[in-house]
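A short write-up of the structure that comes next.
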There are 2 protein chains.
Amino acid sequence: MDTSQLLKGVLDLAVLAVLRDGDGYGYDVLRRLRQAGLEDVADASVYGTLRRLFQAGALTSYVQPSEEGPHRKYYGLNKTGRDLLAQSTKTWNHFADTMSVLLVEKEAA
Amino acid sequence: MDTSQLLKGVLDLAVLAVLRDGDGYGYDVLRRLRQAGLEDVADASVYGTLRRLFQAGALTSYVQPSEEGPHRKYYGLNKTGRDLLAQSTKTWNHFADTMSVLLVEKEAA
DNA sequence: CCACACTACTACACAAAGCGGAGTACTCCA
DNA sequence: TGGAGTACTCCGCTTTGTGTAGTAGTGTGG
């Protein structure tokens with residue numbers, strides 16, 4: 001099974017969840033996601049997701065120079081983002097529950 | 001959050017799980033999925049998934065006439081399908097676990 | 001008898017989203 | 001000077017679920 005297909009729609013949620021623990025820039029969010037167990041996430045996917053969420057009005061954004069490399073574009077949750085995170089979490093939990101029920105092998109009656 | 005995006009990659013798994021409980025034809029699989037809680041699945045998606053899984057060699061297929069309507073194209077799991085179901089279930093469970101950990105709000109230390 | 005609903009499937013074009021690859025650019029180190 | 005690590009952008013590709021339309025069979029209500 002291809003892990004990348006599972007991420008569809010869920011990467012948004014994962015990125016929002018990571019940002020709940022503090023503002024972060026793309027490369028950093030990528031590291032945090034991989035550390036959390038999403039090891040196969042591609043960098044372009046994370047940058048794309050951040051851009052999309054920002055454009056959707058769920059994130060704030062500010063650029064900060066770094067002394068150890070290129071500038072960093074930080075993103076953080078705003079109210080819309082927190083609401084989206086809460087709502088998406090519910091949707092995800094419900095969906096995951098449905099799937100886990102479906103996956104339980106039925107005993108012969 | 002769009003439920004349809006969550007289905008990506010998971011619909012295969014859901015269809016395989018439903019077929020584990022007995023052979024079924026497209027319209028029937030659709031009903032079983034909806035009854036299981038996947039209410040927003042579109043019919044074209046199910047037919048497409050069945051075709052894809054069949055072409056991938058995970059399903060057997062045979063046509064049977066029906067007295068209450070058009071003919072029915074039945075699908076059933078073969079060894080490849082059962083293996084795929086087992087493997088995909090593992091992948092899904094691991095993925096869902098990872099996500100649930102990520103979604104837990106961290107307490108201030 | 002005709003319209004409609006339900007069943008059952010196919011085909012086609014479309015859209016969303018993750019990915020690979022290339023490119024840019026900065027810092028540090030061998 | 002040239003790699004490695006950091007940090008980001010852009011483009012085109014692929015997969016996959018969806019909407020719409022079309023075909024076709026059965027049964028039912030006006």
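The sequence lines fix the lettering, A, B, ..., with proteins before strands; numbering per chain opens at 1. Please read these numbers as outputs of a predicted model, since none were measured by experiment.
Rounded to whole Å, the distance from CG on B:L13 to C1' on D:dT15 is 17 Å. Atom-to-atom, CG of A:D43 to P of C:dA22 comes out at 13 Å; the value is rounded to the nearest Å. Rounding to whole angstrom units, CG of residue A:L11 and P of C:dA16 are separated by 17 Å. Atom CG in A:D23 sits roughly 15 Å away from atom P in D:dA7 (whole-Å rounding). Here D:dT18 presents its P atom at 11 Å from CG of B:L33, a figure rounded to the nearest Å. Summarising the geometry, the separation between CG on A:L6 and C1' on C:dC19 is reported as 15 Å, rounded to the nearest angstrom. Between B:Q5 atom CD and C:dC19 atom P there is a gap of 13 Å when expressed in whole angstrom units. Here the P atom of nucleotide D:dC10 and the CD atom of A:Q55 are 11 Å apart, to the nearest Å.
Note: B:W92 and A:F95 have perpendicular aromatic rings, judged against thresholds of 30 and 60 degrees for the angle between ring planes.
Side chains of A:D23 and A:Y62: a donor on one and an acceptor on the other come within 3.5 Å.
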Show your working on side-chain contact (heavy atoms from CB on, under 4.5 Å) between A:L50 and A:V46 and close with a plain yes or no. CA-CA 6 Å; A:L50 286 168; A:V46 173; 4.0 Å; yes
Is there a side-chain contact (heavy atoms from CB on, under 4.5 Å) between A:T49 and A:V29? Walk through the geometry before answering. CA-CA 11 Å; A:T49 299; A:V29 169; over 6 Å; no
I'd like to compare against my own output: the B/S/- annotation of nucleotides 1-8 of chain C with a strict under-4.0 Å heavy-atom distance to protein. ------BB
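Among C:dG20, D:dT15, D:dT18, the nucleotide with an atom closest to any side-chain atom of A:A42 is C:dG20.
Note on B:Y47 and B:V18: separate hydrophobic clusters, where clusters join Ile, Leu, Val, Met, Phe, Trp and Tyr whose side-chain heavy atoms are under 4.5 Å apart, directly or indirectly.
Dashed line: the shortest gap from a side-chain N or O of A:R52 to OP1 or OP2 of C:dG18 is under 4.0 Å. Considering only side-chain N and O atoms, B:T49 lies under 4.0 angstrom from the phosphate OP1 or OP2 of D:dG17.
A salt bridge links B:R52 with B:D12; the closest basic N to acidic carboxylate O contact falls under 4.0 Å.
Checked options A:N93, A:T89, A:L13; the residue passing with B:M99 is A:L13 (criterion: side chain to side chain contact (heavy atoms under 4.5 Å, CB included)).
Ranked by how close their nearest DNA chain C nucleotide is to the 5' end, A:A44 and A:E67 are led by A:A44.
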